[in-house]
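Worksheet: one structure, shown below.
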Amino acid sequence: MAEPNGRTGLNRTTEPKLLLIPPLETALANFSSGPEGGVVQPLRTVVPVEKYNGFLGVMPAYSAVDDALTTKLVTFYENMKDTSVPSHQATVFLFDPRNGTLKAVIDGTVITAKRTAAVSAIATKFLKPAVADVLCILGAGVQAHSHYEIFTELFSFKEVKIWNRSREKAETFAQSVKGPAQVCSSAQEAVTGADVIITVTMATTPILFGSWVKSGAHINAVGASRPDWRELDDDVMRNSVLYVDSREAALTESGDVILSGAEIFAELGEVVKGTKPALSEKTTVFKSLGMAIEDTVAAKLVFDSWSSSN
């Protein structure tokens with residue numbers, strides 16, 4: 001059984017992050033096409049580990065178009081005292097759909113970071129305002145890094161503003177990236193004037209408020225993946241055009257959507273397909289929960305890259 005490492009597979013080419021964009025766009029469109037799209041993806045199963053404030057998620061998916069079958073196991077723990085351990089850890093199992101044979105066990109942590117940032121970039125490509133000079137990232141963890149990398153590669157921002165609850169972590173982030181990053185003293189300072197906002201935190205109550213958000217800005221809300229967690233307040237959610245990766249998942253798993261009662265306008269896949277408009281002239285939110293089909297596409301890309309070089 002092959003055991004390629006996710007980082008090796010994704011970093012073989014000059015622009016590995018960009019390789020994910022086309023297959024992910026296709027997967028999003030196929031998912032939003034219903035049964036004819038050939039994507040089978042049940043809602044993730046989440047097992048709470050209450051003693052340690054943790055969760056185990058199981059995320060299977062099959063893509064007929066890609067002829068790929070995977071399951072991702074992901075753990076996520078909130079309020080961890082040991083900061084040397086990532087809050088999210090994952091492993092992807094890639095199977096041969098013809099006979100069920102396990103083909104590969106792949107580092108899912110890198111895949112999760114890369115594919116999540118790539119999907120946010122797809123949403124931003126469609127939904128950002130015509131003039132987008134200022135990027136704001138709330139958070140300074142793994143997802144903040146992966147989003148910074150692909151966003152500064154794909155888009156031409158003149159300014160990047162960073163905020164994290166721990167200023168020390170924000171400073172470390174700013175020093176580690178290969179580009180501009182202005183550390184802000186508050187979330188409000190970081191958000192004010194931003195054209196594109198990314199929230200990648202472990203917040204369980206809102207850290208982004210509508211009164212701060214520039215009219216016409218685009219927001220990628222990536223954290224708060226539980227039905228009782230929030231990153232965005234009701235003002236943001238109710239006064240923006242809301243796009244999601246999956247309606248079913250958002251109405252079951254997203255505290256931002258459920259607790260605000262905000263109306264979902266479209267799935268991102270519908271925008272990619274052209275069946276729903278990208279209202280980029282309005283203030284928009286893309287609520288990303290992350291889908292198993294995204295892991296499937298990314299894992300197949302990693303495996304195929306590894307196989308071709310071995």
Side-chain angles (χ1 to χ4, degrees), residues 10-11 14-22 24-25 113-167 169-201 203 207-223 231-232 236 240-241 243 245 268 271-272 278-288:
L10 285 175
N11 287 344
T14 304
E15 297 180 333
K17 297 177 288 296
L18 304 186
L19 288 176
L20 278 169
I21 299 282
L24 282 173
E25 286 191 351
K114 301 292 187 183
R115 61 80 156 154
T116 303
V119 172
S120 293
I122 293 168
T124 301
K125 181 180 73 171
F126 285 101
L127 300 174
K128 71 177 179 63
V131 177
D133 292 331
V134 181
L135 172 66
C136 163
I137 301 177
L138 303 183
V142 171
Q143 285 289 353
H145 279 273
S146 62
H147 278 75
Y148 181 96
E149 289 175 0
I150 195 167
F151 272 63
T152 54
E153 191 167 345
L154 272 179
F155 308 109
S156 299
F157 295 106
K158 296 179 180 178
E159 185 179 358
V160 181
K161 300 196 288 185
I162 307 294
W163 172 83
N164 191 69
R165 280 199 173 100
S166 164
R167 186 178 179 91
K169 288 183 180 178
E171 296 281 4
T172 300
F173 176 95
Q175 293 166 10
S176 69
V177 298
K178 298 177 181 178
Q182 174 192 342
V183 176
C184 296
S185 299
S186 68
Q188 182 174 1
E189 179 188 347
V191 170
T192 300
D195 302 294
V196 175
I197 301 163
I198 302 169
T199 61
V200 279
T201 73
I207 46 90
L208 176 62
F209 296 87
S211 59
W212 306 344
V213 177
K214 179 180 180 179
S215 178
H218 171 62
I219 301 161
N220 296 294
V222 179
E231 282 190 313
L232 282 54
V236 178
S240 303
V241 182
Y243 297 82
D245 44 16
L268 180 56
V271 177
V272 174
L279 302 177
S280 57
E281 72 280 6
K282 298 182 179 294
T283 305
T284 55
V285 170
F286 170 57
K287 179 56 198 174
S288 170

Report task. Sort out for me which residue in T199, T283, I197, I219 forms a side chain to side chain contact (heavy atoms under 4.5 Å, CB included) with V236. Result -> I219

Report summary line: Of V200, V142, V222, the one forming a side chain to side chain contact (heavy atoms under 4.5 Å, CB included) with T116 is V222

Query raised in the report: Quick one: do K214 and D195 make a salt bridge, cutoff under 4.0 Å?
Result: yes

Requested in this report: Mind running side-chain hydrogen bond (donor to acceptor under 3.5 Å, both in side chains) on S288 and N220 for me, showing each step along the way?
Outcome: CA-CA 7 Å; S288 170; N220 296 294; over 6 Å; no

Query raised in the report: Looking at side-chain heavy atoms only, is the closest gap between V196 and F157 below 4.5 Å?
Result: yes

Report summary line: Heavy-atom closest pair (R167 atom, S185 atom, distance to 0.1 Å) is NH1-OG, 3.4 Å

Report task. Classify the angle between the aromatic ring planes of F173 and H145 as parallel (below 30°), tilted (30 to 60°) or perpendicular (above 60°). Result -> tilted

Report task. Please answer whether the main-chain N or O of T192 pairs with a side-chain N or O of K161 as donor and acceptor at a distance below 3.5 Å. Result -> yes

**Report entry** For A144 against G139, the heavy-atom pair lying closest together
**Finding:** CB-O, 3.4 Å

Query raised in the report: Is any side-chain heavy atom of I150 closer than 4.5 Å to a side-chain heavy atom of I21?
Result: yes

Query raised in the report: Do NZ/NE/NH1/NH2 and the carboxylate oxygens of E149 and K114 come within less than 4.0 Å?
Result: yes

Query raised in the report: Using the benzene-type ring in the case of Trp, are the ring centres of F286 and H218 under 6.0 Å apart?
Result: no

